[in-house]
Amino acid sequence: MDREPCISIRLFSDPKLLAPIRAFVDGLSKCVGFSEKSRGLLSLAVDEALANVIRHGYGERSDGLIWLNIWRLQEPAGLRIVLEDLGRSVDPALIKGRDLADVRPGGLGVHIIKETMTESTWESRPGGGMRLTLVKLLAPHERANPSTTQSENCAK
Amino acid sequence: MSCAPAIRKAVAGVMRERPGRLIMDLSAVSYMDSSGIATLVEALQQSMRNKMKFVLVGVTPQVRSAFEITKLVSMFTMVATIDDATKD
């Protein structure tokens, strides 16, 4: 993996930015070769991660800073997405999805992230805030049937 | 995230009228996050307490994926059309 991310975005903790970021992640993951369903779930996971930062990290303030760094993985193919913020830091051990047998609202976002991503790791960020590392690898059927046209259209 | 409070308020208003059935048309909803799903779980639970039927209509593939990943799809009645939703 390259040391430098292929894409770095700095954004404010404004919920209005969630839709354009989803669209961006969808487009990028299409380039990498993810299926339509995987792209939807990947966009949903990033959206949930950002929403958690906005809601819990920054207490719904819209002026907090969030950094989104993305690496394109080659062997195996996929994406590594790192979100960092300067919001309220929490013990990563306390970040849990809820028991799905207990049907109630709440705690679904973390569950969605964990179920959707190949890897998801929360850690306290040196200097304050949190860092969330998300990795999603192409499924075997996506590797076997790459969306060639889309991949060719993406800058290497 | 941004629509959930408005939907929760709208559902609460309808619930006060105690209809026998609450039909929610989602055919124009192309995206739903966990706060949207949580809002629908709340509505489902309220409808069960009030002995009302709660039916979702026209659930799009993306929204269905979100229900599937949260393993809540079997909790809801989902049908294709409003006509289907009005049938017993």
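Just so we're on the same page: letters track the sequence lines, and every chain starts at 1.
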**Asked** For A/Glu48 and B/Asp33, which heavy atoms make the closest approach, and how far apart are they?
**Response** OE2-CB, 3.2 Å
**Hydrophobic cluster identity match, B/Phe67 and B/Val55, side-chain contacts under 4.5 Å** = no
**Message:** Testing the basics here: between B/Ala38 and A/Leu108, what is the closest heavy-atom pair and its distance to 0.1 Å?
**Reply:** N-CD1, 4.0 Å
**Prompt:** Should B/Val79 and B/Leu72 be counted in the same cluster of Ile, Leu, Val, Met, Phe, Trp and Tyr side chains packed under 4.5 Å apart?
**Reply:** no
**Asked** Quick one: CG on A/Asn52 to OG on B/Ser34, what's the gap to the nearest 0.5 Å?
**Response** 7.0 Å
**Message:** Counting neighbours of CD on A/Glu36 that are heavy atoms of other residues, nucleotides or ligands and sit closer than 6.0 Å, is the number greater than 12?
**Reply:** no
**Request:** Flag the pair A/Ser43 / B/Gln62 as yes when at least one side-chain heavy-atom distance between them is below 4.5 Å, and no otherwise.
**Result:** no
**Request:** With sequence neighbours left out, write down each residue that passes salt bridge (charged side-chain N to carboxylate O under 4.0 Å, His left out) with A/Asp14, or none if nothing qualifies.
**Result:** none
**Message:** Return the CD to NZ distance between B/Glu68 and A/Lys37, rounded to the nearest 0.5 Å.
**Reply:** 4.5 Å
**Message:** I need the B/Tyr31 OH to A/Asp26 CG distance, nearest 0.5 Å.
**Reply:** 11.0 Å
**Asked** To the nearest 0.5 Å, what is the distance between CD (A/Glu115) and OG1 (B/Thr70)?
**Response** 9.5 Å
**Message:** Less than 4.5 Å to any heavy atom of chain B: does that hold for the side chain of A/Leu44, its backbone, both, or neither?
**Reply:** both
**Asked** Do B/Leu22 and B/Ile7 belong together in a cluster built from hydrophobic side chains that touch within less than 4.5 Å?
**Response** yes
**Asked** Could you give all pairs that pass the salt bridge (Lys or Arg N to Asp or Glu O under 4.0 Å) test and reach residues 8-26 of chain B, with sequence neighbours left out?
**Response** B/Arg8-B/Glu42, B/Arg21-B/Asp88
